[in-house]
Amino acid sequence: MTQNLAALFPIVKAAPVVPVLIIEDVKTAVPLARALVAGGLTALEVTLRTPAALECIRAIKGEVEGANVGAGTILDEKQFDAAVAAGSTFLVSPGATPRLLAHADGSPVPLLPGIATASEAMALLEAGYGAAKFFPAEQAGGAPYLKALSSPIPGVMFCPTGGVSLKNAPTYLALPNVMCVGGSWVAPAAAVAAGDWAAITTLAAEAAALKAV
Ligand code: 3PG
């Protein structure tokens, strides 16, 4: 098995933060994506947690220049295929089951599977993977825990997600095994509901300017 890192790395490394989006109303998808891209965040993870998610991916793909739209919360093969068909350029899963990894094998659209332990990281290496989501990052042990994995297992690069914020992101970004972080803080539900796209562009710009400390 292999993971298409040649496709994945340019997408997720384009900015320090990958917004994690839970979009309820398809009408907000395009202006939300435009606001994030205007702030400098181009890799957008639309989670498959709402009935509108696939339509949102199609809309962003078709209408938002500069966006790399991906699908998150991929739990099974059916969701994998639907997300690819909708035009996703990357896929994110909270976990890494043998079935999902087997299904992803050979797909040109890269999968970023989720893991949280050394054994899971070793299993991913055995499966030909070199990049993973560290999930749920803060709850699983945060940056000190992830740092402890970097020395024995340097071959897996992570996107920590779950409880990551503007405040704690720089500590993650300073780790040698972190390629980006993911988070929902750049698209607060209240700002999306209010159509406050300027506020979201400001949050995105702050996130895009993050530096490792
Ligand atoms: C998720 O998949 O829900 C992500 O981990 C987002 O977590 P956050 O809302 O804590 O950023």
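What you see is a predicted model; the values in this text were computed from it and never measured. Order of appearance sets the numbers: ligands from 1, and atoms from 1 within every ligand.
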message: On a heavy-atom basis, which atom in Trp185 and which in Ser165 lie closest, and how many Å separate them?
response: CE3-CA, 3.7 Å

- request: Answer yes or no: are there more than 12 heavy-atom neighbours, outside Glu65 itself, under 6.0 Å from its atom CD?
  value: no

- prompt: Would one find more than 12 heavy atoms of other residues, nucleotides or ligands at under 6.0 Å from atom CD of Glu55?
  reply: no

Which N or O atoms of ligand 1 sit under 3.5 Å from a protein N or O, and how far apart is each pair?
from, atom 1, to, atom 2, distance (Å)
ligand 1, 2 (O), Arg49, NH2, 2.5
ligand 1, 3 (O), Arg49, NH1, 3.2
ligand 1, 3 (O), Arg49, NH2, 3.1
ligand 1, 5 (O), Gly162, N, 3.4
ligand 1, 9 (O), Ser184, OG, 2.5
ligand 1, 10 (O), Gly163, N, 2.7
ligand 1, 11 (O), Ser184, N, 2.9
ligand 1, 11 (O), Ser184, OG, 3.2

task: Could you tell me which non-hydrogen atom of Val192 sits nearest to which non-hydrogen atom of Trp197, and how far apart they are?
output: O-CH2, 3.8 Å

query: Which residue pairs pass the ring pair (Phe, Tyr, Trp, His ring centres under 6.0 Å) test when at least one of the two sits in residues 130-153, sequence neighbours left out?
result: Phe134-Tyr145

- prompt: Just wondering, do Met179 and Val12 contact through their side chains at under 4.5 Å, heavy atoms?
  reply: yes

